[in-house]
Q: 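First the structure, which I've put down as C-alpha cells, then a few questions once you've had a look.
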Amino acid sequence: MASAQESARSAERQDIRNRWLLSTPALMIIFLAAIGPLLIVLVYSFLAPGPYGDVKWEFSTDGWVSVFLQRDIFDDTLSFADAHLAIFWRSVKLSLGTTLLTVVFGFPTAYFIATRPERTREVWLFLITIPFWTNLLIRTFAILQIIRNEGIINTLLIKAGIINAPIQILFTDVAIMIGMVYVYLPLMVLPLYASMEKLDFRLVEAGYDLYASRFAVLRRIIFPLVKPGLIAGSILVFIPSLGAYVTPSLLGGGKNMMLGNLIELQFGQGRNWPLGASISITLMAMVMIALLAYVRNAGSSEVRHG
C-alpha cells in the first residue's frame, strides 16, 4: 500500500516537472517580451537622468518626485507640478468621456445587431470590424479631414447657413475625444454584443407583459444581464484611451497632451528618461487599478447571479 502511494506521488511529481519543462519556452518569451522591458523601465525610474538623454547609473528618486512635484530652481523648494497634474486630469477626463460616449453609441448598436435575424448578424459584425483593417494613423487622419476648419462638418454647416465662420474643433479636447470615440467604439460594441447575443429576450417580453415601461425594462432586465459585457467593453476602451498617443498628437496639435505624449516628450526632447519611466510605471499602476476594479466587480456580479 505504501509503495503504491509512493509511486503515485513520484508519478505526480514527474508530471509536474514535465509540465514546467513544456511551459519553459512560453515562460521565457513572456519574461523577455513583457516582464523584462517593464523591469528595465522600473530600474530606469530610480536612476539619475543623463546630460544628453539616457541615464546615469546613480540611485535617485527625483524621477518619482517629479511626477507630481517640481523643484524651484532658486531655493529647491517643492511645489505641485501643475502641468503634469493638468495632463493627468485631462487624460483621465478624456478617457472617462470616451468610455461614456462609446457606451452611449455602442449599446444601441450592439442591441440592434443582437436583435437582427441570425443570417444577417455576421454582416453587421463585419461592418463593425472594418475599421480595424485600417492603420490607426490613417483613421486619425480621416477624422482630422472631417473636423478641421475646411473639413466636411464646417463646410456643410456654412453651406446650410447655420454658421458664418468655421467652428474651431481641431486642436481641442473635443477633437481628441471625437477621434478616440471613433477609434475605440468597436471595442465597446463587440463585448456588448457578446453579452446581448446570450440574452433571453423572453424576459424582455415578460417585462412588457407586466406593463413595465421601456426604461424600466432597460434598467431592471437588460442592463443587469449585459453588465459583464458593459464592464469588459468599458475596460477595453478606458485603458487604451488613457495611454493614447497618436490621436492626441494629431488632433490635439501638441497643446492638449495626454499621458502618452508626456512620456514620449520625456524620452525625446525632454531627455529625462527617469521621469518618463516613472510616469510610465504610474500609468501602468492606474491601468492595474482599473483591471482590479473590473475583476472585483465581475466576480461579485457572478456571485450574485450564481
Side-chain angles (χ1 to χ4, degrees), residues 37-101 168 170-181 184 234-235 237-294 296:
L38 290 177
L39 290 176
I40 294 174
V41 172
L42 181 62
V43 171
Y44 276 12
S45 69
F46 287 101
L47 298 177
Y52 305 106
D54 209 340
V55 293
K56 294 179 182 177
W57 289 91
E58 303 172 359
F59 179 79
S60 174
T61 57
D62 286 347
W64 286 102
V65 171
S66 299
V67 172
F68 296 110
L69 301 173
Q70 60 185 2
R71 292 186 184 276
D72 190 277
I73 59 175
F74 298 108
D75 56 11
D76 254 7
T77 56
L78 291 174
S79 60
F80 285 109
D82 295 336
H84 290 182
L85 292 174
I87 292 172
F88 269 90
W89 168 240
R90 181 183 296 115
S91 300
V92 173
K93 177 182 66 176
L94 291 180
S95 298
L96 289 174
T98 299
T99 304
L100 179 61
L101 286 176
Q168 182 61 44
L170 195 60
F171 306 143
T172 63
D173 287 351
V174 174
I176 296 174
M177 190 177 298
I178 291 173
M180 292 199 299
V181 168
Y184 299 124
S234 299
I235 292 295
V237 171
F238 179 78
I239 289 176
S241 298
L242 197 60
Y245 170 74
V246 173
T247 304
S249 181
L250 291 178
L251 303 183
K255 300 184 300 180
N256 303 71
M257 290 198 302
M258 293 179 63
L259 285 174
N261 309 108
L262 179 61
I263 293 170
E264 187 276 336
L265 179 65
Q266 300 306 322
F267 279 100
Q269 299 176 13
R271 298 179 180 178
N272 193 338
W273 289 17
L275 176 56
S278 301
I279 298 173
S280 301
I281 298 297
T282 303
L283 175 60
M284 188 178 70
M286 296 169 66
V287 170
M288 289 298 296
I289 291 172
L291 285 174
L292 289 173
Y294 162 67
R296 182 177 179 182

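Below, all heavy atoms of this structure are taken into account, side chains as well, without hydrogens, waters or symmetry copies.
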Q: Evaluate Leu251 against Phe171 for side-chain contact (heavy atoms from CB on, under 4.5 Å), listing each step before the verdict.
A: CA-CA 5 Å; Leu251 303 183; Phe171 306 143; over 6 Å; no

Q: Is there a side-chain contact between Arg271 and Tyr52 in this structure, where contact means two heavy atoms from C-beta onward sitting under 4.5 Å apart?
A: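 Arg271 vs Tyr52: side chains touch.
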
Q: Indicate the atoms forming the closest heavy-atom contact of Met180 with Ala244, along with that distance.
A: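 Between these two residues, the closest heavy atoms are SD-CB, 3.8 Å.
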
Q: Hey, does Met286 have a side-chain heavy atom less than 4.5 Å from the side chain of Val92?
A: yes

Q: List the atom of Met258, the atom of Pro248, and the distance in Å for their closest heavy-atom pair.
A: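 Heavy-atom minimum between the residues: SD-CG, 3.4 Å.
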
Q: For residues Ser278 and Gly63, report the shortest heavy-atom separation together with the two atoms involved.
A: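 It is OG-C, 3.3 Å.
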
Q: Checking side-chain contact (heavy atoms from CB on, under 4.5 Å) between Tyr245 and each of Asn261, Leu259, Leu262, Leu250, which is the one that passes?
A: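 With Tyr245 as partner, Asn261, Leu259, Leu262, Leu250 yield a single side-chain contact (heavy atoms from CB on, under 4.5 Å), made by Asn261.
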
Q: Looking only at heavy atoms, which two atoms of Ala277 and Ser45 are closest? And how far apart?
A: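 Scanning both residues, the minimum pair turns out to be CB-N, 3.8 Å.
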
Q: Can you name the nearest heavy-atom pair linking Ile263 to Ser280, along with the distance?
A: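 Where Ile263 meets Ser280 most closely, the heavy atoms are CG2-OG, 3.4 Å.
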
Q: Pair Arg71, Asp62 - check side-chain contact (heavy atoms from CB on, under 4.5 Å), show working.
A: CA-CA 10 Å; Arg71 292 186 184 276; Asp62 286 347; 3.9 Å; yes

Q: Contact between Leu78 and Gln70 at the side-chain level, heavy atoms closer than 4.5 Å - yes or no?
A: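 Sidechains of Gln70 and Leu78: no contact.
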
Q: Would you sort out whether Val43 and Trp57 count as a side-chain contact (heavy atoms from CB on, under 4.5 Å), showing the intermediate values?
A: CA-CA 10 Å; Val43 171; Trp57 289 91; 4.0 Å; yes

Q: Measure the OH-CG distance between Tyr44 and Leu275 for me, rounded to the nearest 0.5 Å.
A: 15.5 Å

Q: Side chain of Gln168, backbone of Leu170: donor and acceptor closer than 3.5 Å?
A: yes

Q: Is atom CZ of Phe59 surrounded by more than 12 heavy atoms (other residues, nucleotides or ligands) closer than 6.0 Å?
A: yes

Q: Supply the atom-to-atom distance Ser66 OG to Asn272 CG, rounded to the nearest 0.5 angstrom.
A: 6.5 Å

Q: Has Arg90 got a side-chain atom pairing as donor or acceptor with Met257's backbone, closer than 3.5 angstrom?
A: yes

Q: If you define the side chain from C-beta out and look only at heavy atoms, does anything of Ser241 sit under 4.5 Å from Leu94?
A: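 SC-SC contact between Ser241 and Leu94 ruled out.
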
Q: Measuring from Ser249:OG to Asn256:CG, what's the distance to the nearest 0.5 Å?
A: 11.5 Å

Q: Just how far is it from atom CD1 of Ile239 to atom CE of Met288, taken to the nearest 0.5 Å?
A: 9.0 Å

Q: Within a strict 4.5 Å, meaning less than it, do heavy atoms of the Tyr184 and Thr99 side chains meet?
A: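 No. Closest side-chain heavy atoms not under 4.5 Å.
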
Q: Rounded to the nearest 0.5 Å, how far apart are CG of Asp54 and CH2 of Trp273?
A: 4.5 Å

Q: In Å, rounded to the nearest 0.5 Å, how long is the span from OG1 of Thr282 to CH2 of Trp64?
A: 4.5 Å

Q: Taking Ala48's backbone N and O only, do any of them form a donor-acceptor pair with Ser60's side chain (distance below 3.5 Å, no angle check)?
A: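 Pair absent, no side-chain N/O of Ser60 close to backbone of Ala48.
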
